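Reviewing the structure listed below.
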Amino acid sequence: MKEIFAIMGGSVDESSGDGISPIQLGRGLLLSCSLVALFSLALAAAYCFTSLSGSTAHLLQLAVLGVAVFAGAFAAAKGAGRRGLWHGLLLAALLLGLLLLGSVVGLTAGGISILGLLVKGLLLFMAGGLGGVLGVA
């Protein structure tokens, strides 16, 4: 793990002030996962108790992912105070990896679709990059 942070031009040490902050990245990932879980529960309740269609629920779930990654990247970059774009993109990659792992393990009903993976990846990287940049600014 230290090699990844060293490649990006920094160190794992929090006091160096130069590289990626793994502590802040972990906090941002925890915030993102918490928001995804909370909003997904609210969306599931809305889906059960209203006449919300499946396609609308899918679009709302994409919005939930985007908002959660934006918030997590913003928080991680703001906490680190540096390298916002890297924090945001790395957080998006970690969350996309977790979503992919959930699909492989069977936690999602639909399985893996290349088009779905590309759409989610693009959305997550855009939201993470924007959240990270705005978190430092």
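Bear in mind that the values here come from a model prediction, so they are computed numbers and not experimental data. Numbers for residues simply follow the sequence, beginning at 1.
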* Pairwise distance CG(Leu85) to CZ(Phe125) - rounded to 0.5 angstrom -> 11.0 Å
* Asked: From Leu38 CG over to Leu43 CG, what is the distance, rounded to the nearest 0.5 angstrom?
  -> 12.5 Å
* To do: List for me each residue that meets side chain to side chain contact (heavy atoms under 4.5 Å, CB included) alongside Ser34, sequence neighbours excluded, and say none if there are none.
  => Leu30
* Asked: Shared ILVMFWY cluster between Leu130 and Leu91, side chains joined below 4.5 angstrom?
  -> no
* Asked: Taking all atoms of both residues into account, what is the closest heavy-atom pair of Cys33 and Leu95, and its distance?
  -> SG-CD1, 3.9 Å
* Structure fact -> For Gly88 and Ala73, the nearest pair of non-hydrogen atoms, with its separation, is CA-CB, 3.6 Å
* **Same cluster (ILVMFWY, side-chain, under 4.5 Å), Leu89 and Leu98** => yes
* Flag if over 12 foreign heavy atoms under 6.0 Å of CG, Leu118 -> yes
* To do: Treat each ILVMFWY residue as a node, draw an edge where side-chain heavy atoms are under 4.5 Å apart, and state whether Leu94 and Phe74 are in one component.
  => no
* Asked: If you round to the nearest 0.5 Å, how far is NE2 of His58 from CD of Gln61?
  -> 9.0 Å
* **Donor-acceptor contact below 3.5 Å, side chain Ser32 vs main chain Ala68** => yes
* Asked: Is a donor on one side and an acceptor on the other found under 3.5 Å between the side chain of His87 and the backbone of Arg82?
  -> yes
* Of all heavy-atom pairs between Gly132 and Ala77, which one has the smallest distance, and what is that distance? -> O-CB, 3.2 Å
* Between Leu124, Leu35, Leu60, Leu96, which is the residue that forms a side-chain contact (heavy atoms from CB on, under 4.5 Å) with Leu65? -> Leu124
* Asked: Linking I/L/V/M/F/W/Y whenever their side-chain heavy atoms sit closer than 4.5 Å, directly or via other members, would Leu29 and Phe70 fall into one cluster?
  -> no
* Structure fact -> Taken to the nearest 0.5 Å, the spacing of Leu25 CG from Leu90 CG works out to 5.0 Å
* hydrophobic_cluster_shared for Val36 and Leu100, side chain cutoff 4.5 Å -> yes
* **Stepwise side-chain contact (heavy atoms from CB on, under 4.5 Å) test for Leu99 and Leu117** => CA-CA 9 Å; Leu99 290 172; Leu117 185 64; over 6 Å; no
* Asked: Would you find more than 12 non-hydrogen atoms of other residues, nucleotides or ligands less than 6.0 Å from Phe39 atom CZ?
  -> no
* Of all the heavy-atom pairs spanning Gly66 and Ala127, show the shortest one and how long it is. => O-CB, 3.4 Å
* Structure fact -> Applying side chain to side chain contact (heavy atoms under 4.5 Å, CB included) to Val119 and not counting sequence neighbours gives Leu62, Leu115
* **Where Ala57 and Tyr47 come nearest, the two heavy atoms and their spacing** => CB-CD1, 3.9 Å
* Closest heavy-atom pair and its distance - Ser21, Ala80 -> CB-CB, 3.9 Å
